Amino acid sequence: GTAAYLFHRADNPPNGRCTDDDPESTACTGDSASVSWWILFIGVRQVIAWLMAKASEVFVIDYMLLQHPITVRIIGPRLTLLIIQSKGWPSVLFWWAIWNLVLLYGQDEFSDHWLY
């Protein structure tokens, strides 16, 4: 709601202050991310990446490793134990980084404009 209002009604204000002292700053030229982009990035994109990280953790650890004994035979008992012990913040941070890399990295149209 707020990002849409800033984009459509407030002419998408730039991030930072545009002063007469420095007319070539990124806030004046519009080369930096706008306020509505930051709201979408922190309030929506990062939340979705975190939720996908939690879902990946549940799928890999709780479902694949703990429910299917064939997984233990495929990757070995030591690696299985190592992955199971990483449950919690280590696993979430790993998957969060992976999902951010997949969804946000690059200069293509998808990574620049997904969810709006």
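Everything numeric here is computed off the predicted structure, so don't read it as measured data.
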Would you sort out whether Trp96 and Gln46 count as a side chain to side chain contact (heavy atoms under 4.5 Å, CB included), showing the intermediate values? CA-CA 9 Å; Trp96 193 13; Gln46 290 298 310; 3.2 Å; yes

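- When the side chains of ILVMFWY residues are joined at heavy-atom separations under 4.5 Å, either directly or via intervening members, Val47 and Trp89 end up in a single hydrophobic cluster.
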Could you go through Ile61 and Ser86, starting from their C-alpha distance and side-chain angles, then the distance that decides it, and tell me whether this counts as side chain to side chain contact (heavy atoms under 4.5 Å, CB included)? CA-CA 9 Å; Ile61 294 176; Ser86 75; 4.3 Å; yes

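- Counting non-hydrogen atoms of neighbouring residues, nucleotides and ligands closer than 6.0 angstrom, the CZ atom of Phe41 exceeds 12 such neighbours.
- Under a hydrophobic clustering in which Ile, Leu, Val, Met, Phe, Trp and Tyr are joined whenever their side-chain heavy atoms come within less than 4.5 Å, directly or via other members, Leu93 and Trp95 fall into different clusters.
- Leu82 and Ile84 fall within a single hydrophobic cluster, where Ile, Leu, Val, Met, Phe, Trp and Tyr side chains are chained together by heavy-atom contacts under 4.5 Å.
- Nearest heavy-atom pair, Leu65 versus Ile75, reported as atom, atom and distance to 0.1 Å: CD2-CD1, 3.7 Å.
- Of all heavy-atom pairs spanning Ala53 and Val92, the tightest one is CB-O, 3.6 Å.
- Taken from CZ in Phe94 to CD1 in Ile83, the straight-line distance is 9.0 Å, to the nearest 0.5 Å.
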Do Trp99 and Leu104 pass the side chain to side chain contact (heavy atoms under 4.5 Å, CB included) test, and can you show the C-alpha distance, the side-chain angles, and the key distance before you say yes or no? CA-CA 8 Å; Trp99 282 114; Leu104 300 175; over 6 Å; no

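- Annotation: the span from Asn100 atom CG to Ile48 atom CD1 amounts to 11.5 Å, rounded to 0.5 Å.
- Smallest separation of non-hydrogen atoms from Leu103 and Met52: CD1-SD, 4.0 Å.
- Rounding to the nearest 0.5 Å gives a distance of 12.5 Å between OG of Ser91 and CD of Gln85.
- Around CD1 of Ile42, the count of heavy atoms belonging to other residues, nucleotides or ligands within 6.0 Å exceeds 12.
- Distance check, rounded to the nearest 0.5 Å: CG of Leu79 to CD1 of Ile74 gives 12.0 Å.
- Checked by atom type and distance alone, the side chain of Glu57 never pairs as donor or acceptor with a backbone atom of Lys87 at under 3.5 Å.
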Evaluate the criterion side chain to side chain contact (heavy atoms under 4.5 Å, CB included) for residue pair Arg78 and Leu81; output intermediate values, then yes/no. CA-CA 5 Å; Arg78 287 191 178 118; Leu81 184 59; 5.8 Å; no

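- Trp50 and Val102 are not part of a single hydrophobic cluster, where members link through side-chain heavy atoms under 4.5 Å apart.
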